Amino acid sequence: MQDKRVSFKGLWLPAALLAPQLAITAVFFLWPASQAIYQSVLRQDAFGLSVKFVGLENFADLIVDPSYLNSVKVTLVFSAATTVLAMGLALLFAVAADRVLRGATVYKTLVIWPYAVAPVLAGVLWWLMFNPTIGVLAYALSYLGMDWNHLLSGSHAMTLIVVAAAWKQISYNFVFFIAGLQSIPRSMLEAGAIDGAGPVKRFFTITLPLLSPTTFFLIVVNLVYAFFDTFGIVHATTTGGPGQATNILVYKVYSDGFIGLNLGSSAAQSVILMVFVMVLTVIQFRYIERRVHY
Amino acid sequence: MVERRPFLTVLTHLTLILGVAFVALPVWIAFVASTHGAHDFISGLMPLWPGDQMVKNYWQVLSQGESTAGAPPIGLMLFNSSVMALGIAVGKIAVSLLSAFAIVYFRFPFRIAAFWVIFLTLMLPVEVRILPTFEVAASLGLLNSYSGLILPLIASATATFLFRQVFLTIPEELAEASRIDGAGPMKFFRDILIPLSRTNIAALFVILFIYGWNQYLWPLLVTTDASHYTAVMGIQRMVAVPDSEPLWHLIMATAILAMLPPVLVILVMQRLFVRGLIEQEK
């Protein structure tokens, strides 16, 4: 940890300065997290009358529970599809916006603003577009001979939430890709051009490799986004259905805990997700530390 | 641009126009839907051009809300969202400034430990510890209150790290000079550190305001009473009407109103926003 050479003395003042943050962290973060771990090794009966210690049984049950395994699969498909779509489109738009001379600022502004749209609102907007009876896209698809109904078809419902989630995330990726593109030295691209490399070849041999730190960082951020921030999209549009087709892990923690009142299992799922976020955060931080010292 | 290629330039503009259209389309459709009467949707196809019911629809959601779905007037929900967003933004910045100051400028035992405790919060998004956090809030009597909406979301490792980075770049001589001039730590904090990190604070404020405004799951849990609904979560109550077609025109008018404040913030303060977004991840 870096240090300041000059520092102030005292013990009570820094303690008082840290107190608000530490208090909130303890009450709303550490205590609930420890409760989740504690509850994950207990099992309550349906009426909450008796509680017994079951060790790791909740975890063991999850690993063989077909609905949990299905949720894992659904989450992987969802987050991979969202990440690829959101990053692919953002990169395409960023490369284009980086290239134009006229109107670059206007284009950038018009791509950036959906960052401000809450995921749940993005879900509701695309839900209207895909609505089987009045939706514009559903109507267009029926012209192409496709009978769109996300209330009946699992893959249609999955497409709906992927498109909504990716649509909202494009702006974020776009900002970082633009920043990454601007940091690529022009002289390198010019040298490539002089050596006879066309725009496409320059993109794949110069731009893309130099963007790889940005890309890697965005993959982690997008995965975290798809795993956790998309709760609203699922909750407001598909509620995990039809069947279990869009029951992503975060939504399952919520529905098993609050609606199904299966506290032990919900807590065990929480713990698994926490471990997962920790792994992603550590990866992200190791990478950022490296970039800083670079 | 490295060389002139007219065909590529046209293609670039075309890509961008398609991109902008893709980004704007859902919002345009929602806006159109919010300007029509309820009967316009029964015919089966959504109109693509605004209708004449705009003033009526918006007035209805602002003043009465969709009473059949148990949602309060959106005016109240927008007010609740503003309180929550401002509370979270101001609270996070204040708490993080203080703790970053303590960590960077003081030597005390457990300094590293405090740093790691703060770091841990980075790994625990509210979504993964919903139930126990809800229980804590309930036992503290925070349900259906503004403090319940704000407090649990105030602790933030990212903001603390950001200010720590900012403070580390501030020249040591300033702290020395102010010490020689007889200024105490709090005076140094108020008169030197805060003014020097003004732009960072403003940039972070933009990001945190949007973050607070767009909170969904947490308000959904801690507000059981309609008087504390926020705009973003209130929309779910209108969407989830059992056994009937949703009232599209009112839902979409609410959605447009709920996204307007943060979108305006981004459009007006785009430079600060981009800066805040990129700084936050460093």
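We use all heavy atoms of the structure for the numbers below, so side chains are in, but hydrogens, waters and symmetry mates are not. All values reported here derive from a predicted model rather than from experimental measurement. Per chain, numbering begins at 1; letters A, B, ... match sequence-line order.
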Does any backbone or side-chain atom of [X] lie under 4.5 Å from a heavy atom of chain B? Answer side chain, backbone, both or neither.
{"X": "V279(A)", "result": "neither"}
{"X": "L30(A)", "result": "side chain"}
{"X": "W113(A)", "result": "both"}
{"X": "Q39(A)", "result": "side chain"}
{"X": "L89(A)", "result": "side chain"}
{"X": "V120(A)", "result": "side chain"}

Locate the shortest heavy-atom distance separating [X] from [Y]; write the atom from each residue and the value.
{"X": "V124(A)", "Y": "I251(B)", "result": "CG1-CG2, 4.1 Å"}
{"X": "I210(B)", "Y": "A116(A)", "result": "CG2-CA, 4.0 Å"}
{"X": "L128(A)", "Y": "A30(B)", "result": "CD2-CA, 4.2 Å"}

Who among [options] has the most heavy-atom pairs with chain B under 4.5 Å?
{"options": "P119(A), G257(A), A97(A)", "answer": "A97(A)"}
{"options": "A33(A), A236(A), S266(A)", "answer": "A236(A)"}
{"options": "Y38(A), F227(A), Y251(A), W126(A)", "answer": "W126(A)"}
{"options": "A96(A), A164(A), G192(A), A26(A)", "answer": "A96(A)"}
{"options": "V253(A), V100(A), V111(A), V250(A)", "answer": "V100(A)"}

Check whether [X] gets within reach of chain A through its side chain, its backbone, both or neither, counting any heavy atom under 4.5 Å.
{"X": "L221(B)", "answer": "side chain"}
{"X": "I235(B)", "answer": "side chain"}
{"X": "L16(B)", "answer": "both"}
{"X": "F189(B)", "answer": "neither"}
{"X": "L220(B)", "answer": "side chain"}
{"X": "I256(B)", "answer": "neither"}
{"X": "L98(B)", "answer": "both"}
{"X": "L140(B)", "answer": "side chain"}
{"X": "E135(B)", "answer": "side chain"}
{"X": "I207(B)", "answer": "side chain"}
{"X": "F209(B)", "answer": "neither"}
{"X": "M252(B)", "answer": "side chain"}
{"X": "Y211(B)", "answer": "neither"}

Find out whether [X] and [Y] are in side-chain contact, i.e. whether some heavy atom of one side chain is under 4.5 Å from a heavy atom of the other.
{"X": "L277(B)", "Y": "F176(A)", "answer": "yes"}
{"X": "L13(A)", "Y": "Y105(B)", "answer": "no"}
{"X": "Y216(B)", "Y": "D229(A)", "answer": "no"}
{"X": "I154(B)", "Y": "F28(A)", "answer": "no"}
{"X": "V136(B)", "Y": "Q35(A)", "answer": "no"}
{"X": "L11(A)", "Y": "F106(B)", "answer": "no"}
{"X": "R99(A)", "Y": "T9(B)", "answer": "yes"}
{"X": "I112(A)", "Y": "F273(B)", "answer": "yes"}

Most chain A-contacting option - heavy-atom pairs closer than 4.5 Å, from [options]:
{"options": "P132(B), G19(B), P26(B)", "answer": "P26(B)"}
{"options": "M233(B), Q215(B), M186(B)", "answer": "M186(B)"}
{"options": "V23(B), I266(B), L217(B), V232(B)", "answer": "V23(B)"}
{"options": "A114(B), P152(B), P262(B)", "answer": "P152(B)"}

*Rounded to the nearest 0.5 Å, what separation is found between the CG atom of L92(A) and the OG1 atom of T15(B)?*
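Output value for this atom pair is 5.5 Å.
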
*Can you list the steps and then say if I170(A) with F22(B) is a side-chain contact (heavy atoms from CB on, under 4.5 Å)?*
CA-CA 11 Å; I170(A) 287 175; F22(B) 174 68; 3.6 Å; yes

*Give the intermediate values and the outcome of side-chain contact (heavy atoms from CB on, under 4.5 Å) for residues T133(B) and W31(A).*
CA-CA 8 Å; T133(B) 314; W31(A) 172 251; over 6 Å; no

*asked:* Can you pull out every salt bridge (charged side-chain N to carboxylate O under 4.0 Å, His left out) where at least one residue sits in residues 255-278 of chain A? Sequence neighbours excluded, please.
replied: K252(A)-D256(A)

Can you list, pair by pair, the side-chain donor-acceptor contacts under 3.5 Å of residues 14-24 of chain A, counting residues two or more places apart and other chains?
{"residue": "Q21(A)", "atom": "OE1", "partner": "S99(B)", "partner atom": "OG", "Å": "2.6"}
{"residue": "Q21(A)", "atom": "OE1", "partner": "T160(B)", "partner atom": "OG1", "Å": "3.1"}

*Would the W218(B) and Y254(A) ring centres measure less than 6.0 Å apart?*
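No, the ring of W218(B) stays outside the 6.0 Å limit from the ring of Y254(A), centre to centre.
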
_Check against side-chain contact (heavy atoms from CB on, under 4.5 Å), F93(A) and V20(B)_ = CA-CA 9 Å; F93(A) 299 154; V20(B) 168; over 6 Å; no

*asked:* Go through it in stages, so that I can follow the logic: the residues are M129(A) and L25(B), the test is side-chain contact (heavy atoms from CB on, under 4.5 Å), and I'd like the CA-CA distance, side-chain angles, deciding distance and then a yes or no.
replied: CA-CA 9 Å; M129(A) 304 253 291; L25(B) 182 68; 3.5 Å; yes

